[in-house]
Amino acid sequence: MTLYTRTTPEFDPVHSAGTFVCAEDLRDTYGFCELGYDRGDYERPPLVWEVKPMVDRFISTEELIRVCREAHIQIFEDYDQYEEAVLNGYVGPEPGDSAFLCMEEEELNTLLERPEIRAAAEAAGWHAAQDYVVVTNMQPLLTVFWEPGTFTLEGPLPIISDDPDIPQSVTLADAQGLKP
């Protein structure tokens, strides 16, 4: 399985830190970087890396939620469930509270951007995740790594622009038979 990920130009592969969202099709990683979803610089092209998994087990979103609940991290299925918990005094009324997670808004990648979620997964013996994630009108299979030693990076790979007005819109240069 060949996977690709995007990082910001400032990314240091020697001290790789972050949440790496990977896919077999580079287009499925649009909007992601090691800082999280929609946190990269859209005015500059990304660095693109080939990712080689060093693990063969991946936690799914469903299993991750179960692990989090066992670790007493509150995750609500929807806003109605959250509001009911507030009315019953189980949680505070602020949706912005860091303990507030609602599956109507959260996907696998955004869950794993949170350190307490990654810690719960690691405590349960998981070091990488994989599942289908809704991104705009698509649902690609994404693989997420966060722990050094569970993957290797090769690159940055040569890329070419698909659209000069959109720096993040890139293709692998060798996929087009071209050189940058």
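Side chains are part of it too, since the values below use all heavy atoms of this structure and drop only hydrogens, waters and symmetry mates.
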Which residues satisfy the side chain to side chain donor-acceptor pair (under 3.5 Å) test with [X], sequence neighbours excluded?
{"X": "Glu63", "result": "Arg66"}
{"X": "Tyr42", "result": "Asp38"}
{"X": "Thr7", "result": "Trp49"}
{"X": "His72", "result": "none"}

Partners passing ring-ring contact (aromatic ring centres under 6.0 Å, His included) against Phe32 (at least two apart in sequence or in another chain):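 Phe32 satisfies ring-ring contact (aromatic ring centres under 6.0 Å, His included) with Tyr37 only.
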
Mutual orientation of the aromatic rings belonging to Phe20 and Phe11 [parallel < 30°, tilted 30-60°, perpendicular > 60°]: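 Geometry flag for Phe11 against Phe20: perpendicular rings.
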
Pair listing, salt bridge (Lys or Arg N to Asp or Glu O under 4.0 Å) test, anchored in residues 129-151, at least two apart: none

Of all pairs that satisfy salt bridge (Lys or Arg N to Asp or Glu O under 4.0 Å), the ones with a partner from residues 14-25, not counting sequence neighbours: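 Qualifying pairs: Asp25-Arg27.
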
Return the minimal non-hydrogen interatomic distance between [X] and [Y], and the atom names on each side.
{"X": "Val51", "Y": "Thr5", "value": "CG2-CG2, 3.5 Å"}
{"X": "Thr8", "Y": "Gly40", "value": "CG2-CA, 4.4 Å"}
{"X": "Pro53", "Y": "Phe58", "value": "CB-CZ, 4.3 Å"}

Test side chain to side chain contact (heavy atoms under 4.5 Å, CB included) applied to Arg39 - qualifying residues, sequence neighbours left out: Leu35, Glu113

All side chain to side chain contact (heavy atoms under 4.5 Å, CB included) counterparts of Ala124, not counting sequence neighbours: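 Counting only residues at least two positions away or on another chain, Ala124 forms a side chain to side chain contact (heavy atoms under 4.5 Å, CB included) with Val67, Trp126.
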
Non-hydrogen side-chain atoms of Tyr4 and Leu157 separated by less than 4.5 Å: yes

Partner residues of Arg44 under the salt bridge (Lys or Arg N to Asp or Glu O under 4.0 Å) criterion, sequence neighbours left out: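 For Arg44 the salt bridge (Lys or Arg N to Asp or Glu O under 4.0 Å) partners, ignoring immediate neighbours, are Glu10, Asp41.
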
Set of salt bridge (Lys or Arg N to Asp or Glu O under 4.0 Å) partners for Glu122, sequence neighbours left out: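 Residues passing salt bridge (Lys or Arg N to Asp or Glu O under 4.0 Å) with Glu122: none at all.
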
Met138 atom CE, over 12 foreign heavy atoms within 6.0 Å: yes

Other cluster members, Leu141 - Ile/Leu/Val/Met/Phe/Trp/Tyr, side-chain contacts below 4.5 Å: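 Tyr132, which link up through side-chain heavy atoms under 4.5 Å apart, make up the rest of the cluster.
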
